[in-house]
Amino acid sequence: MQSPISAVIVAAAGGSGSGSPLLTELAILILAAFVGFQVISKVPNTLHTPLMSGTNAIHGIVLLGGLVAIAHASGFLNKFILVIAIAFGTINVVGGFLVTDRMLSMFKRKPEPAPAPEEKS
Amino acid sequence: MQSPISAVIVAAAGGSGSGSPLLTELAILILAAFVGFQVISKVPNTLHTPLMSGTNAIHGIVLLGGLVAIAHASGFLNKFILVIAIAFGTINVVGGFLVTDRMLSMFKRKPEPAPAPEEKS
Amino acid sequence: MTATVFFQEPNFINATYIVAFSLFITGLAKLTSPTTAVQGNKIAAFGMLIAVVATLLNPALDGSDFLLIAIGLAIGTAVGVPAARNVKMTAMPQMVALFNGVGGGAVALIAWAEFRQSHGDLAAELDVGIPLVFAAIIGSISFWGSNIAFGKLQGLISGSPVKIPGGLFVNIALLAAAIGAGVAILLGSTSEGLFILLLVSAAVLGNLAVLPIGGADMPVVISTLNAFTGLSAAAAGIALDNTALIVAGMIVGASGTILTDQMAKAMNRSIGSVLLGGFGGTAPAIEGGASETGGTVRSTSAADVAILMAYARQVVVVPGYGMAVAQAQHAVREMAKELERRNIEVKYAIHPVAGRMPGHMNVLLAEADVPYDQLKEMDDINPEFGRTDVAIVIGANDVTNPDARLKPDSPIYGMPILNVDESKQVIVLKRSMASGFAGIENPLFYDPKTQMLFGDAKASVSEITSELGAL
Amino acid sequence: MTATVFFQEPNFINATYIVAFSLFITGLAKLTSPTTAVQGNKIAAFGMLIAVVATLLNPALDGSDFLLIAIGLAIGTAVGVPAARNVKMTAMPQMVALFNGVGGGAVALIAWAEFRQSHGDLAAELDVGIPLVFAAIIGSISFWGSNIAFGKLQGLISGSPVKIPGGLFVNIALLAAAIGAGVAILLGSTSEGLFILLLVSAAVLGNLAVLPIGGADMPVVISTLNAFTGLSAAAAGIALDNTALIVAGMIVGASGTILTDQMAKAMNRSIGSVLLGGFGGTAPAIEGGASETGGTVRSTSAADVAILMAYARQVVVVPGYGMAVAQAQHAVREMAKELERRNIEVKYAIHPVAGRMPGHMNVLLAEADVPYDQLKEMDDINPEFGRTDVAIVIGANDVTNPDARLKPDSPIYGMPILNVDESKQVIVLKRSMASGFAGIENPLFYDPKTQMLFGDAKASVSEITSELGAL
Ligand SMILES: NC(=O)c1ccc[n+]([C@@H]2O[C@H](COP(=O)([O-])OP(=O)(O)OC[C@H]3O[C@@H](n4cnc5c(N)ncnc54)[C@H](OP(=O)(O)O)[C@@H]3O)[C@@H](O)[C@H]2O)c1
Ligand SMILES: NC(=O)c1ccc[n+]([C@@H]2O[C@H](COP(=O)([O-])OP(=O)(O)OC[C@H]3O[C@@H](n4cnc5c(N)ncnc54)[C@H](OP(=O)(O)O)[C@@H]3O)[C@@H](O)[C@H]2O)c1
């Protein structure tokens, strides 16, 4: 797998290309935080409650953690714990998205009174 | 370096924890694109020219590429190419930030006529 | 079988995760406008679906795993779907608390299972061990804290602050115990007892931290715990090397933090003072005694209110927490229709923290089919009160309190309020002279322009509507 | 020496990169407001500094490397600093083009050096090889394209479109050649000739793609190439496994794309039609002949303009590309001061694409110390023209053309314009009846309310100012 070029690069960087995977994950983490801040700071007050429940649904992604972990789990108790975790995660996901959808679909779509805000301003 | 826990996880994921480094970099790339879109779409028209030159300065980061590459470069021509690359990158960085600063510092800071926009709206 | 093998490759699964989190971000971005919000939520849900499906492609899953997963998914769906379908709009805060809690619980359980699976050996690889310990502590706090918040809002536990002897000191000790156990594990201990101590300390901390906070402050608490669950999910993602968890968890962590901050700011309080507790519950203590202090109060009847409104040109409805309690939103919509039939202009003045959640009033009124262009935000409606004939305050209190503008020593001084007192006539619908969430007097009720219509908001509004019809 | 060793660890260097790109993002976010923009730029520059310093900690660098690096840095600084210090504000577009070009050139050179260093063996590891080939092609296009753009704007090359025989076909063939060479290399060829063919095809493509585009369209081109350089930097980052390059490059790629789109939109054209060329250069062709078509033109003198303005209550200045050409911004500021001394209200109407870069007018007027709260954006000033006594158009043309509102077959129909024709009197300062960038007639000049003051804008404005002083 080590071609001349990557060997050279890795050597140059002092042993490991982009540092430990932990650092790469840290980079991802920080970028995600910026995305979160940027996207959410644009949400109008009106939508705060649906937003709260929408983001709430998104952290139901922990369900994936249960699915990944159960693949390598052994023993009754471990599996049992993870089934509960999966059930919890599912409640979080399914309930969260459904309830958000219910709330949002109640916002009546009427033509906005003011002309659509100018894109360039 | 392989502890029991990571061995188990890696096995479970089918050979490699978070896939190839390329995919991790792809994730970073896409997050960066979202950040770029989100941040920049908020910039008012007035600041477009300084913005253009500011982002221009930021891609002067290629200078780093030259610095990394010269460490493992051998032979006159390779080193020569990289010295030019470094010079180019430096022009991009130094010139870009300076000129942006010049432009921006000309924007007179007077109290805004309208009350500061409501944070929550 | 080559196709299956390709789909089961970790690279394919991880590429799918990138697509999934891109969909989350796109969906959230679309939540910024009411016209695209429904679609945004669906996009995010679709992202979740493909993330789950991709994870199920993992070749390490065998038949018995799938059985267990099916059981878990079935239980979760059986609980989650009816809960989400049947919850009343007024009960949203506690529903969100519940969903948030189970998310945190899932993180804590996964961390526990991973600990057991590694036979307690977290010390060997700290970049897995540290996030796992963090996830366990935060997840456990979030689970128990959210449950208490749910209990308080649902009325299962007393909404008023429960004073804990020792208070802050006990909480710090519990946190220290949880962290201490975590550090011991990371330094090499493989004792499961320690891990359980960690989970239990965090659990007790979650309980004790939320119990002393008044029921009315719960939304801020839930929002904080929402951010916590997000962060714990991100930590679990680092431990499990799962990009989807890292990105999605962190986005929620960041957004929950902003939301908490905005809610606290709109209430003119610091997050710290909310979380240290006590404030939200002083209201009941004053309740009943409030009417004794100075000023005269004019009480009126539904018939008089109907006449007053029938001759108005513009009526502004100012809803508050009481409308949610009385579930009067549909009755309010009926009243507005009756007014509009008479060519009277009706607007709704929505204070950002009216009710008990940001946007609480918007959601309730949207449920009652009030078009959202009639809902005016505070900054838009405040200049209007001067030319408003009748402002009808339905179960709102603090958000109309002029002391916030006028009395520097008032606890809510500086909070932006609806300037209801500038309109020509003010009608206040509430059951008594009791104070609202902040537990303070409201001089608006003693204003000569103000008339009180005592009684449950829903009953009073319906009565006004029928009086209007009879005119 | 332990400390040095710690700092030289790749983990430390990479952690620094994370800090660096966080500073870039924070800096860019602060560019959203004029009050924080200066600080934002400094924050981003600081991020760059620590990224460079961290990279220099790389233990693989030896003494001779440092010498070479020092030479490179010195040359770059010696060229970049004076260029940035001395450039005139009116020459900003070409300066940005130049800085952008060298960035792209650096990427292409790095890719070339890496190719040579690997002895041409890019096939073995495609996740390095593919981004490297991409970086080489895009970097080379960006370098040469930017240089042509610079040449056109600086007047070194004719600004009018240079027709290339074969046009689009030749460009497609060049792109195919570059990609073909890249694919051959990725499939296993180690011939350096192929790589040079790749660079040269891309270089010729860069030249030929930009040559046919009129000088006035260059900002859109530069913005596109800016995005290109960003993307090529990100690709180089993937090849070199460098997070800082990936993130920073991609952010610029995304922002350049948005900016290009906004510029094209504001000009009511598609990016495609700009990049396919030809349009921007039709202006000179019509020049001189424009005044022949119908309508009468009233010419006036500086003294008359001064009297007209002296009795106005509100004067709106409408600057355009001609103000930039004449460098009349300081003279305009003087005139405005003279008017303000007489208690006449002066506002500036800034069209988003007046001049040849977005924000061009803002930068020029800021240079002349005009406070930015007097600069009104199009949507804010348009309702004002109705109550404006005198609108003085200084070297603007297309952005005031009423045909955009009224004549559906006009090439600029649909473009939002400044409704100068609604004010009571219009004064137009330009040198002739020649058309502007879009190469079309402007009926405003034939409007009975309009008077033309012919001559160089700077001279005309100065004359008006001295007439005003003499009144
Ligand atoms: N929105 C948020 O995000 C949020 C979160 C946490 C805290 N808060 C706080 O909550 C408060 C919100 O202000 P608010 O004006 O909406 O509410 P409020 O100040 O809490 O007052 C609600 C009033 O409604 C009346 N009420 C209760 N049940 C009723 C019924 N069935 N029929 C008629 N009236 C009824 C109560 O008086 P009676 O008992 O006399 O009927 C009470 O005074 C603010 O202090 C805010 O800071 C808001
Ligand atoms: N801002 C951007 O981002 C951007 C980018 C690319 C293209 N564009 C395009 O550029 C145009 C900008 O409109 P604009 O109204 O600012 O400019 P314009 O339509 O190009 O007109 C400029 C006018 O200034 C006059 N002028 C030139 N030199 C002069 C001098 N020394 N003294 C006095 N007058 C002088 C010219 O007339 P005489 O020759 O008769 O003096 C010309 O008609 C739009 O069509 C826009 O789409 C803008």
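Residue numbers start from 1 in every chain, and the chains themselves are labelled A, B, ... in the order their sequence lines are given, proteins ahead of strands. Because the structure is a prediction, the values reported are computed rather than measured.
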Audit row: C/Val38, A/Asp101, side chain to side chain contact (heavy atoms under 4.5 Å, CB included) steps and yes/no: CA-CA 6 Å; C/Val38 178; A/Asp101 187 61; 3.8 Å; yes
Winner by heavy-atom pair count (cut-off under 4.5 Å) against chain A, out of C/Val107, C/Leu245, C/Thr257: C/Leu245
Option that, when pairs with chain A are counted at under 4.5 Å, heavy atom only, ranks first among C/Ala106, C/Ala108, C/Gly80: C/Ala106
Per-residue contact mode, C/Tyr17 against chain A (heavy atom under 4.5 angstrom): side chain
pair A/Leu31-C/Met250: side-chain heavy atoms closer than 4.5 Å: no
A/Thr90 vs C/Ile75 side-chain heavy atoms within contact, under 4.5 Å: no
pair C/Ile110-A/Val68: side-chain heavy atoms closer than 4.5 Å: no
Side-chain heavy atoms of C/Ile251 within contact of A/Thr55, under 4.5 Å: no
Contact winner vs chain A - C/Gly139, C/Ala37, C/Ala236, C/Gly47, heavy-atom pairs under 4.5 Å: C/Ala37
A/Ala57 portion near chain C, given a 4.5 angstrom heavy-atom threshold: backbone
Residue C/Leu73 versus chain A: region with a heavy atom under 4.5 Å: both
Chain C contact via A/Leu63 - which portion, at a heavy-atom distance below 4.5 Å: side chain
Side-chain (A/Asn56) to main-chain (C/Asn226) donor-acceptor, under 3.5 angstrom: no
Region of C/Ile222 that comes under 4.5 Å of a non-hydrogen atom in chain A: both
Winner by heavy-atom pair count (cut-off under 4.5 Å) against chain A, out of C/Ala233, C/Ala51, C/Gly249: C/Ala51
Check: A/Leu77 main-chain N/O paired with C/Arg116 side-chain donor or acceptor under 3.5 Å: no
Under 4.5 Å from a heavy atom of chain C, the part of A/Val35 involved: side chain
Validation row: A/Val93, C/Val52 side chains within 4.5 angstrom (heavy atoms): no
Given C/Asn41, C/Val81, C/Val87, the one that forms side chain to side chain contact (heavy atoms under 4.5 Å, CB included) with A/Leu98: C/Val81
A/His72/C/Glu114 under side chain to side chain contact (heavy atoms under 4.5 Å, CB included): CA gap, chis, key distance, verdict: CA-CA 9 Å; A/His72 60 258; C/Glu114 286 293 303; 2.7 Å; yes
CA sep, side-chain torsions, deciding dist, call: C/Asp241, A/Glu25, side chain to side chain contact (heavy atoms under 4.5 Å, CB included): CA-CA 8 Å; C/Asp241 238 348; A/Glu25 283 167 354; 2.2 Å; yes
Selection from C/Val247, C/Leu68, C/Ile25 maximising heavy-atom pairs under 4.5 Å formed with chain A: C/Leu68
